[in-house]
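See below for the structure under consideration.
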Amino acid sequence: MNRMLRTAAGVILLLGIIALPAPSQNNKLAATPPMGWNSWNHFACKVSDAVVRAAADAIATNGMKKAGYIYVNIDDCWQGRRDTKGVIHPNTKFPDMKALAEYIHGKGLKFGIYSSPGPKTCAGYAGSYEREEQDAATYAAWGVDYLKYDWCSAAEVYKAEEMQDVYKKMHDALLKAGRPIVFSLCQYGLRKVWEWGASVGGNSWRTTDDITDDYDHMYFNARSEDGLEKYAGPGHWNDPDMLEIGNGHMTHDEYVTHMSMWCMLAAPLLAGNDLARMKPETLAILTNPEVIAIDQDPKGLQAHVVWQEGPFEIWAKPLANGSTAALLINRGEDTENITLHFKDAGVFGSKKVRNLWDHKDLGQFTNSFAADVVRHGVVFVTLN
Ligand code: GLA
């Protein structure tokens with residue numbers, strides 16, 4: 001190669017390197033969707049040190065930790081006042097955050113917390129506005145492993161187009177604080193966050209407004225993610241919001257649907273119920289290992305809708321081991337026989353079908369598989 005060519009090749013190489021998106025320094029975190037518990041959906045502002053310890057105790061002993069639930073996350077309402085140096089302190093419901101973190105870590109679990117880039121959180125507590133580095137350092141000193149960062153009152157102090165910079169500012173502050181902290185963006189899907197969430201260091205980002213414990217609302221949050229699958233992958237996930245399983249306003253079949261959809265979406269699995277007082281059937285839904293394996297599949301693909309007819313749908317996603325997961329969904333009011341044509345799921349020929357909820361091999365099927373699906377229920381299978 002002559003000198004000019006070498007220089008040209010060098011410039012092209014350099015441009016290529018510059019053009020590549022900066023690898024998120026958080027990417028080793030959340031290689032699979034984060035799993036744990038968050039206080040908000042059940043306790044809202046009634047959260048306290050005792051509530052969080054009870055959740056940690058439950059996870060450590062009831063099989064959830066073994067199933068992969070690791071993060072114990074306080075949502076809003078833990079904040080007290082800043083001292084004269086501006087350091088944030090918890091309110092009286094949390095006497096000692098560092099001690100709480102140590103308690104959680106002592107059980108082999110991780111500790112999460114919540115703030116806002118605005119002056120106030122959504123519930124009106126102190127946010128991190130103009131205190132980002134100081135707060136990140138405080139979190140690191142306490143032993144925080146996960147931060148949910150919720151837009152809330154930031155809308156009053158920033159222009160919408162500043163949102164990316166605002167999230168990056170906290171990401172940089174977390175990096176500077178020097179402790180690996182999962183960064184969970186919460187801004188309800190504004191400004192197509194899925195297009196830029198990873199580039200500002202997000203390990204996940206909410207895609208919709210808040211979930212409620214209601215079948216139609218839960219389905220709406222999940223279904224809104226169809227088409228966003230290309231933005232999800234190891235280290236950076238679409239987040240349809242925390243789980244409502246066990247909070248009491250859906251039927252058993254509807255909660256099974258909720259869990260199945262979240263696993264197909266490779267969504268973060270943050271239980272949102274009272275873990276210290278849950279029914280055995282709730283625990284069974286949260287901890288079914290074959291279903292969780294679909295969420296935690298190392299390939300990290302998000303399912304998409306491959307067939308729909310009225311209230312009946314089929315979602316599919318390829319798995320790391322070469323098999324395909326398929327979810328037959330009945331949103332109708334009666335039991336319905338739904339047929340999965342393999343070709344719709346990108347699968348051909350003869351396949352071994354396994355029912356994941358029941359842990360049962362259903363046999364060998366060629367080109368299609370049909371099953372009765374109950375009202376508001378699902379049949380969750382792999383094709384191998
Ligand atoms: C927002 C978030 C919720 C929760 C509350 C807390 O509404 O979307 O998930 O964190 O704030 O105030």
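Whatever order the structure lists them in is the order used to number ligands and atoms, beginning at 1. Being a predicted model, the structure only gives us computed values, none of them experimental.
Closest protein heavy atom to atom 7 (O) of ligand 1: Asp210 OD2, 2.6 Å. The protein heavy atom nearest to atom 9 (O) of ligand 1 is Lys148 NZ, 2.8 Å. With respect to atom 10 (O) of ligand 1, the closest heavy atom belonging to the protein is Asp75 OD1, 2.6 Å. Ranking the protein heavy atoms by distance from atom 12 (O) of ligand 1 puts Asp76 OD2, 2.7 Å first.
Remark: the backbone N or O of Gln187 is not paired with any side-chain donor or acceptor of Tyr149 at under 3.5 angstrom.
Centroid-to-centroid, the aromatic rings of Tyr129 and Tyr158 come within less than 6.0 Å.
Between Tyr167 and Phe183, the angle of the ring planes lies from 30° to 60°, which puts this pair in the tilted group.
Between Arg206 and ligand 1, at least one pair of N/O atoms sits closer than 3.5 Å. Taking any N or O of Tyr188, backbone or side chain, none lies under 3.5 Å from an N or O belonging to ligand 1.
Each of the following atoms of ligand 1 lies closer than 4.0 Å to a heavy atom of Cys186: 2 (C), 8 (O).
The local environment of CZ in Phe312 is crowded, with over 12 non-hydrogen atoms from other residues, nucleotides or ligands closer than 6.0 Å.
Under a 4.0 angstrom heavy-atom cut-off, Asp150 registers as being in contact with ligand 1.
Judged by distance alone, the side chains of Ser224 and Thr208 never bring a donor and an acceptor atom under 3.5 Å apart.
Between Lys317 and Glu229, no side-chain nitrogen of the basic residue sits less than 4.0 Å from a carboxylate oxygen of the acidic one, so the salt-bridge criterion is not met.
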